[in-house]
Amino acid sequence: MNQVILIHGAPEEEEFKGDTWPSPSNGHWIPWIQKKLSQKEVLSQAPEMPKPYDPIYEDWVRVFKQFDVSSQTILVGWSCGGGFLLRYFSEHPEVTPKRVILIAPWLDPEPRELSTNFFDFEIDSTLSIRIDLHIFMSSDDFEGCLKSFKIIEEKLPSAIYHRFSNKGHFTEPDLGTKAFPELLEEILK
């Protein structure tokens with residue numbers, strides 16, 4: 001059975017602890033995507049990753065491993081969640097999902113923002129050969145994501161890139177809506 005697992009990003013601590021925004025797994029376009037997928041009878045999960053504002057890689061792995069990732073699994077990682085999936089699949093070549101879609105993947109390039117070793121890894125240059133890898137990026141994203149994108153593009157030239165110029169960091173304010181039809185279309189292919 002097809003399943004989709006959505007891995008959220010790393011909000012600021014104030015955003016996470018405040019009451020303005022919902023939890024990261026329930027924010028921005030994630031509930032919209034889940035609703036649309038459920039209408040198509042596609043199971044989707046959006047786990048709440050621990051301490052997302054200052055993530056610990058091993059803690060995220062423990063949560064991620066609760067899911068049965070198979071050749072029928074599509075994974076979507078947004079921002080820090082995209083960087084997490086790059087690391088996980090670089091370090092676990094034996095795991096082969098159906099497709100991995102990274103939305104504005106972030107790798108915390110220099111100067112580092114995180115106080116943890118979350119992104120202390122090397123991208124496996126065979127990743128985009130082993131996995132059907134799609135990367136969504138927008139030229140008006142923030143500088144850390146644009147730097148991350150250059151690093152990823154150099155290491156993974158055979159990935160499929162979806163380039164935009166007006167989506168920012170793919171947040172609800174940047175998109176102007178909770179809807180993300182381009183992502184839905186790619187998931188359903």
Side-chain angles (χ1 to χ4, degrees), residues 3-38 43-67 69 73-91 100-121 123 135-138 140-149 151-152 164 166-180 182-184 187:
Q3 72 167 333
V4 177
I5 301 170
L6 304 148
I7 308 294
H8 63 73
E12 298 290 328
E13 184 173 5
E14 298 78 29
E15 178 185 333
F16 179 76
K17 292 183 175 178
D19 292 330
T20 303
W21 288 95
S23 65
S25 66
N26 291 296
H28 304 282
W29 44 264
I30 293 174
W32 182 87
I33 286 285
Q34 286 191 285
K35 171 85 174 185
K36 293 297 184 184
L37 291 172
S38 67
L43 174 66
S44 67
Q45 302 291 325
E48 197 67 47
M49 300 309 251
K51 200 176 171 193
Y53 55 87
D54 197 27
I56 307 291
Y57 178 73
E58 294 77 11
D59 294 344
W60 281 40
V61 168
R62 274 192 283 285
V63 171
F64 185 69
K65 282 188 170 185
Q66 294 175 23
F67 297 91
V69 176
T73 306
I74 296 171
L75 292 134
V76 177
W78 178 28
S79 192
C80 183
F84 167 77
L85 291 176
L86 277 175
R87 179 173 179 178
Y88 186 83
F89 289 110
S90 289
E91 295 177 352
V100 174
I101 303 169
L102 308 178
I103 311 299
W106 179 63
L107 299 173
D108 195 19
E110 298 294 334
R112 291 275 173 112
E113 294 179 33
L114 296 178
S115 64
T116 65
N117 68 346
F118 199 83
F119 290 117
D120 290 350
F121 78 105
I123 296 172
I135 300 172
F136 283 53
M137 65 81 58
S138 186
D140 61 339
D141 203 338
F142 70 91
E143 186 178 344
C145 270
L146 295 176
K147 284 182 181 179
S148 296
F149 177 72
I151 293 167
I152 294 165
F164 301 90
N166 59 349
K167 305 276 188 210
H169 195 54
F170 299 87
T171 62
E172 181 181 338
D174 290 342
L175 297 172
T177 177
K178 291 181 186 233
F180 195 169
E182 298 90 348
L183 175 57
L184 181 63
I187 290 171

TODO: For residues Pro11 and Pro52, determine if any side-chain heavy atom of one lies less than 4.5 Å from a side-chain heavy atom of the other.
DONE: yes
Task: Between Phe84 and Phe64, ring centroids under 6.0 Å - done: yes
Open item on the list: Between Trp29 and Phe170 (side chain of the first, backbone of the second, donor and acceptor by atom type, cut-off under 3.5 Å), is there such a pair?
Closed with: yes
TODO: Heavy atoms only: give me the nearest His8-Met49 pair and the separation to one decimal.
DONE: NE2-N, 2.9 Å
- [ ] Test side-chain contact (heavy atoms from CB on, under 4.5 Å) on Tyr88 and Lys65 and set out the steps.
- [x] CA-CA 10 Å; Tyr88 186 83; Lys65 282 188 170 185; 3.7 Å; yes
- [ ] Keeping the roles fixed (side chain from Trp60, backbone from Pro50), state whether a donor-acceptor pair exists under 3.5 Å.
- [x] yes
- [ ] Please name the pair of heavy atoms, one in Lys178 and one in Trp32, separated by the smallest distance, quoted to 0.1 Å.
- [x] O-CB, 3.3 Å
TODO: For Glu48 and Val63, work out which heavy atoms get closest and say how close.
DONE: O-CG1, 4.3 Å
TODO: State, to 0.1 Å, how close Ile30 and Ser25 come at their nearest heavy-atom pair, and which atoms those are.
DONE: CG2-O, 3.2 Å
TODO: Without swapping roles, check the side chain of Asp141 against the backbone of Leu146 for a donor-acceptor pair under 3.5 Å.
DONE: no
Task: Within 6.0 Å of CD in Glu12, more than 12 heavy atoms from elsewhere - done: no
Task: Phe118 to Leu114 - nearest heavy-atom pair and separation - done: CB-CD1, 3.9 Å
Task: Working for side-chain contact (heavy atoms from CB on, under 4.5 Å), residues Leu184 and Leu37 - done: CA-CA 8 Å; Leu184 181 63; Leu37 291 172; 3.9 Å; yes
TODO: Find the distance between CZ (Phe121) and CG (Leu107) and round it off to the nearest 0.5 Å.
DONE: 5.5 Å
TODO: Could you tell me the separation between the CD1 atom of Ile33 and the CH2 atom of Trp78, rounded to the nearest 0.5 Å?
DONE: 11.5 Å
Open item on the list: Using 0.5 Å steps for rounding, measure from the OG atom of Ser115 to the CG atom of Asp108.
Closed with: 9.5 Å
TODO: May I ask you to check whether Phe119 and Trp106 place their ring centers less than 6.0 Å from one another?
DONE: yes
TODO: Work out which heavy atom in Cys145 is nearest to a heavy atom in Pro105; give both atom names and the distance.
DONE: SG-O, 3.9 Å
Open item on the list: Under a plain distance cut-off of 3.5 Å, with no hydrogens placed, do Thr171 and Asp174 share a side-chain donor-acceptor pair?
Closed with: yes
Open item on the list: Set out, in order, the CA-CA distance, both residues' side-chain angles and the distance that settles side-chain contact (heavy atoms from CB on, under 4.5 Å) for Asp120 and Arg112, then state yes or no.
Closed with: CA-CA 11 Å; Asp120 290 350; Arg112 291 275 173 112; 3.1 Å; yes
Open item on the list: Determine whether a donor-acceptor pair (N or O, by modelled atom type, separation under 3.5 Å) exists between the side chain of His28 and the backbone of Glu172.
Closed with: yes
Task: From CD1 (Ile123) to CD1 (Ile151), nearest 0.5 Å - done: 7.0 Å
TODO: Answer yes or no: is there a donor N or O on one side and an acceptor on the other, between the side chain of Thr116 and the main chain of Pro55, under 3.5 Å?
DONE: yes
Open item on the list: I need the Leu85 CG to Ile103 CD1 distance, nearest 0.5 Å.
Closed with: 10.5 Å
- [ ] To the nearest 0.5 angstrom, please state how far the CD atom of Gln45 sits from the CD atom of Gln34.
- [x] 7.0 Å
Task: Electrostatic pair Lys147-Glu143, nearest N-O below 4.0 angstrom - done: yes
